Amino acid sequence: MSKKNYSYNPNEIEPRWQQKWEQDGIYHADIDPSRPKHYALTMLPYPSGDLHMGHWFAMTPSDSRARYMRMKGFNVMFPMGFDAFGLPAENAAIQRNIHPKEWTYANIERMRGQLRSMGAMYDWRREAISSDPKYYHWTQWFFIQLFKHQMAYRKDSAVDWCPNCNTTLAREQVKGDDRVCERCNTPVIKKQLEQWFFTTTQYAEEMLSFEQIDWPERVQTLQTNWIGRSEGASVVFESEYGDPMEVFTTRPDTLWGATFMVLAPEHPLVEKLTTPEQHAAVHAYQEQASRQSDIDRESAEREKTGVFTGGYAINPVNGERIPVWVADYVLMSYGTGAIMAVPAHDERDFDFAIKFGLPIIPVIENPAKVIKSVVMADSMKEGFDKAVDGNGIAVEKKYGNLLITLDEDKVQEYINIVQVYLKDNCWVEIAGSPWVFVFPETIEKWESTEADARILARCKEYDPKVAAFRSVMEMLNSQPAYQDVIYHSEYGKMINSGPLSDTPGDQAVQKTIQLLEERGTGKGAVNYRLRDWLISRQRYWGAPIPMIHCQTCGVNPVPEDQLPVLLPDDVEWLPTGESPLKLHPTWKKTTCPVCGEEAERDTDTMDTFMCSSWYHLRYLSPDYDQGPFDLAEYNYWMPVDTYTGGIEHATMHLIYTRFFHKALRDMGITEGHEPMTQLRNQGIVLGEDYEKMSKSRGNTVPPDKLVEDYGADTVRAYLMFFARWDLGGPWDSQGIEGSARWLRRVWTAFTEPVESGAEPPEEVSKALRRKLHQTLMAVTQDFENFEFNTIVAALMELMNEMYKAREQGAYGSPAWLEAEDVYLRMMAPIAPHMAEELWANLGKPYSIHHQPWPEVDAEAAREEEISLIVQVNGKLRDKITVPVEIDDEEAERIALASETVQRFLEGKAPRKVIVVKGKLVNIVV
RNA sequence: GGCGCGGUGGCGGAAUUGGCAGACGCAGCGGACUUAAAAUCCGCCGAUGGUGACAUCGUGUGGGUUCGACCCCCACCCGCGCUACCA
C-alpha cells in the first residue's frame, strides 16, 4: 500500500470525515447486552446562540474521554441536547420582538452546526430539547407525580423576588454578598406570595452521604455546606400566656445564660405577645422589615435593630421570666424563627444586649487558654505566678495579664506558641532587647489601671512597628480576638447553671439535652440550612405547571391524559416583563377535573432546573410517548457512569438532580440511590487578560474562527494541553501554535517517507519500543484520571523520539510500524479527524474509531538501565548508570566508589548509608 | 467572619504522591536552509559566581519532622471560589 504524500489541510479533511461518520452512524449507541455499557454525559448547554470557548473546554475533553472508553471496549452512549427553556429567550422577545420559540430553535440550529464542527461522537438520534412538547409533557407528568406523593406543595411565604426578571427565584439562585439574581445580577427583594415548592429538605440527610458516588471532594464540600446540618437541641419556652415557643440552638449548654428571646419580625406569635403599649412600635418595625430588601439590611452594616414586644417568656430550665424582642437578625426561614439569646456566649446576642441594655450572664467558666504542651512546663498550671521552660521562654502573671519573655534568638521559633497566649491580655518581651509587643487595647487598659509605670513607658517608648519586628507585629495584630476560644465548651466547665453547674465542658451539651428530655421541655435536634425548592416562575418560556385552581375543589392536577399543557403561541410581551400567560385572554380558562365547573390554570411555569433534573433520562428514549423514558433503555444504560460539567452547578443543578432521582426512586420510577456515579468538573477558560471571558470586556475567543484557522483537531488538542482540565486557565493565542506545530509534525512523520536502506541498529528499535510502551502506559493512566494535559505532553514527547529514531534509520522497521499504529490509536480520541485520515492513508481498515485501545507490552516498556542518584547528606552529587536489577550492596559500593562522592566525603567515614532500591543512594556523614 | 481551593522559571504548566525540581509547550536567544521572509529543522534557555568543568542558592513566608520535603505537621501572608446575622 503506497502512502500519499500531501499536505495537511484540516478544512478539507474534517468536514469530509464528519460527514462520513454521520452517514455510517459509527457513533450510534444501541443496547447491546454482550458489551459493558458506559453512559458518558456532558452537561447540556443553554441555546444562547453561540458556542463559546467554555463549551469547547467542557465538551471536547469529555468527548475524548468517551472515545477512549469506547476503544477500551465499552458500549458508550454520549448524547447531547439543549436546556432550551429560560429567560434569555423571553428577553430577546421583549427587546427584539422575536418569539422565544423562534429565537431558541434558530439558536439550536446554529449550535448544532458548531457542535458538529468539533468532531464529537454525539449520537444525535438521542438529542433531547427541553422546550419540545414531547419533552415537557413528561416534565409536567413528573410534577404531578411529585404532587400526588406529597412532594410538591403550595405555601404562602416570603420568597426571593427578582424585580428585573419579574419572577420568584429559588434560594439557590440568589447569589453573593449582595444577594443578587443569578441571571441578571439585580438585588432580590422579599415578597409574600403563595408558590409551589418541592420537598428537597426531606432528603437533606440522605444527600449528605456521598458513599455510593465518586464525586470530587470540592463538590461534596460545597453540597455539605449548602445543606448545612447543625446538631443541637430544640427547646420549648413558654410565653406568659402559655403559648409554646420553640427554639433551635446548637448550644443548649448555655440555656441558663439566656437573658431574652428574639422573634423574627414575621413570626406568628409576635402579634399575640405584643402589649398594647408596644403595639405601635412593633408594628412599625414589622412594616419596615418587610419593605426592606436583604441588601438594605446589609447596608446598615449589621448594626442590630429591634423592638421589645412587651411580652415575656419563661425559661424552662430555671423558670426565669425573660423579655421577648423582635429583631431582623433572626430569620423566619431558618430554624423556628425564634431564638433564645445568650449574650455572654454569642457575639450577635452580645451586640444586641449591649445596644439595648439587656443583662449578660456567663454560664461557661472562662476556659483555659493554655493549649501547647511544648512550652508549658509542669509548673505552668493554673494559678502559676511564673514559669520558665528552660528553652528560652518564660511566662509570668502581671497585672492580671500574662507576660511572656523570649530569648532574642528564640523569637522565630516560638512565635507560633506565643500567638496562642496572645489571644488574650498578653504582652511579649524579648529578653536582652528593648522590644516589647503589646496590643494597643492592652495599653489602653493599663493606662486606666494600676499598671507599672515603668512597663507602660517601655511599651510606649519603643515603636512596635520597627522594621525588624514589623512582620511579627503584623502577625500578632491579625490574630482574631479570643471569642473562638471562649465559645468552645470543651474547655472550662458550666457555672451559674443550677443542677448542671460544674459539669465539665466536654459533657455540657449532652447533659443539658438529657435534662431537657427528662423534663419534657426539649430534645436533641438537627437542623438544616437547605430550604425546600421554590419551583414557580412567573414567566412564559417554561413548562406550564399542570395544575388547575377551582373555587370549590381547590387545586388539582391536570388529568394525565390531557398532558401536555401546551404553551400558547399567541402571546404578547409587555416591557414590564409580566407573564404573558397571566395576561392571555383565554389560555387559563379551563374546567375543573373534579367537578367539571369553570376553573383556572396555574399561570406559572416551572423553574428550568426542573427540566434539567431529568434530561439524562430523556436521552434514553427522546421520542418515547408511553412514559418519560423506555424502561428497557433505562435498565441497560442507567445510571450515568461519567458526568462532566462546571463546578458552578454544585449547589444548584447537582443538588436538584440528586433530589429528583431520590424522589423518583421513592415513587418507584427509578432505581438505585444516585443518578450519576462519577462526576468530574472542568475549570474555566479565562481570557488572555486573565479575566473571565465576557462580551462586555471584549476578551472572548471565538472558537469558529480558530477552527477555520487551525482545524478542530488543533483546537481540541490545545484545549486539552494548555491547562489542567479541572482548573482551567488563561487562554494564550500564541500557545495554540504549539499544538498546531505538534499536529503538523505528526502529519509529516506519517506522510513523508524517508530513504530507508539498512535495518536500524538493535538499540534504536529497542529504545523506540520502550518509549512507545512507556507512553502508552502513561496515556492510559491519564485518560483514566482525566489528566488530559499530560496526555498531549506525552504524545509530543513520543513524537520527538520518533523523529530521532527516524533519523537513526528506524523508518519502515517493524518497531516503526508498530509505533505508527499505536500512535494513531492513542491520538484518535484527541484528534479524531487526523487520526482517521492518517489511519486510512496507512491503508488500515476503517474506522480507527472502531479499533481497540492498544495493549501495553510491559516487557518492552521495561528500563534496563537506570541512572542511580547518589547523594551526600541529601544533596545530589553524582548520577551513575547501572543495571535496574542492581542490589543494594552493589549500589552502595558503586556510589562510594564515585570520585565526586569521595571528594565530598573529604575523607570522613560515612555514618549511615540509605539505599532506595533501584533509585538512589544517600550517604550521611 | 466561616468553609474550600490554590501559590513552582518571563508565561501556561510537569514531578510515579517523601527520592534527579522545572517534563511538555509558549515566548526569547543562537545556528542551518532561503536572494529574502514565512514555514521547517538543530541547539541554548531558574538565579548568582566562574572562560570553564563546577560551586552556591532556589517551589509564597517562618518554624518543625526526616538520611532526604514542592510533597507531611504547626503558624502566618497573598490570590481565587463559595457562603454569610444559620442561632
Side-chain angles (χ1 to χ4, degrees), chain A residues 175-177 179 217-218 220-222 224-226 228 230 232 247-251 254 262 297-298 302 304 327-331 333-342 346-349 351-352 372 374 411-420 471-472 474-476 478-480 483-484 527-529 647-648 650-651 684 718 721-724 726-727 729-739 741-742 744-745 748 777-778 781 787 789-790 792-797 800 803 807 867-876 879 900 910-914 916 919-925:
Chain A
K175 298 273 160 187
D177 288 5
R179 305 197 30 83
E217 285 291 329
R218 210 157 37 131
Q220 293 187 26
T221 308
L222 283 169
T224 303
N225 291 345
W226 185 261
S230 322
V247 301
F248 173 76
T249 175
T250 53
R251 292 296 307 280
T254 63
V262 187
R297 291 193 188 182
E298 288 285 321
R302 288 191 192 160
K304 295 273 183 297
D328 63 8
Y329 82 92
V330 175
L331 311 173
S333 49
Y334 183 79
T336 60
I339 62 158
M340 65 172 200
V342 185
D346 183 283
E347 215 178 335
R348 294 155 300 171
D349 299 344
D351 292 346
F352 195 84
K372 286 266 173 173
V374 259
V411 176
Q412 287 306 318
E413 193 179 328
Y414 281 114
I415 196 66
N416 301 340
I417 295 152
V418 171
Q419 283 159 26
V420 173
S471 62
V472 175
E474 279 169 0
M475 261 194 244
L476 302 187
S478 69
Q479 282 304 297
Q483 300 96 339
D484 57 324
N527 203 15
Y528 301 92
R529 211 189 72 116
I647 188 111
E648 67 274 14
T651 56
I684 301 170
Y718 184 59
F721 177 68
F722 87 104
R724 245 175 73 176
D726 57 340
L727 296 180
W731 181 263
D732 176 0
S733 54
Q734 298 228 53
I736 194 172
E737 289 290 346
S739 300
R741 229 165 264 163
W742 168 52
R744 282 197 295 264
R745 262 166 81 79
T748 306
M777 219 187 286
Q781 207 183 341
E787 284 162 10
N789 54 342
T790 43
V792 178
L795 289 175
M796 287 172 166
E797 217 176 311
N800 294 342
Y803 264 77
E807 255 166 46
S867 123
L868 185 74
I869 306 306
V870 182
Q871 296 179 332
V872 178
N873 287 336
K875 284 189 179 169
L876 176 71
K879 296 183 197 177
T900 343
R911 207 179 68 212
K912 195 172 171 187
V913 178
I914 286 145
V916 180
K919 253 186 194 160
L920 157 154
V921 178
N922 187 14
I923 299 155
V924 188
V925 287

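Owing to the predicted nature of the structure, the values given are computational and were not obtained by experimental measurement. Below, chains carry the letters A, B, ... as their sequence lines are ordered, and counting in each starts from 1.
- Residue-to-nucleotide proximity on RNA chain B shows that, of A:Met340 and A:Asp732, the 5′-proximal contact is made by A:Asp732.
- B:U8 and B:A21 have their C1' atoms separated by 8 Å, with the value rounded to a whole Å.
- Taking atom C1' on both nucleotides, B:G18 is separated from B:U65 by 12 Å, rounded to a whole Å.
- Between A:Arg348 and B:C86, a side-chain N or O to OP1/OP2 separation shorter than 4.0 Å is present.
- With hydrogens and angles ignored, a donor-acceptor pair closer than 3.5 Å exists between the side chain of A:Lys304 and the base of B:C85.
- Applying the 4.0 Å criterion to OP1 and OP2 of B:C24, one finds that A:Asn800 has every side-chain N and O outside that range.
- The cationic group of A:Lys304 lies under 6.0 Å from the six-membered ring centre of A:Tyr329 and within 45° of the ring axis, placing it in a cation-pi geometry.
- In this structure, A:Arg744 does not reach the B:A39 phosphate: none of its side-chain N or O atoms is under 4.0 Å from OP1 or OP2.
- For A:Lys912 and B:C67, a side-chain-to-base donor-acceptor distance below 3.5 Å is absent, hydrogens and geometry of angles not being considered.
- Straight-line distance between the C1' atoms of B:G63 and B:G52: roughly 40 Å, to the nearest whole Å.
- The nearest whole Å value for the distance from the CD1 atom in A:Ile869 to the C1' atom in B:A15 is 13 Å.
- Between the side chain of A:Gln871 and the base of B:G19, at least one donor-acceptor pair of N or O atoms lies under 3.5 Å.
- The side chain of A:Ser230 contributes an N or O atom lying less than 4.0 Å from OP1 or OP2 of B:A87.
- Between B:G58 and B:A69, the distance separating the two C1' atoms is 14 Å to the nearest Å.
- In this structure, of B:A14, B:C24, B:C26, it is B:C24 that holds the atom nearest to the side chain of A:Ala793.
- For the OP1/OP2 pair of B:A27 and a distance below 4.0 Å, the side-chain nitrogens and oxygens of A:Arg741 include at least one atom meeting the criterion.
- Annotation: of the two residues near RNA chain B, A:Gly729 and A:Arg911, the 5′-most nearest-nucleotide partner is A:Gly729.
- At least one side-chain nitrogen or oxygen of A:Lys875 sits closer than 4.0 Å to the OP1 or OP2 atom of B:C57.
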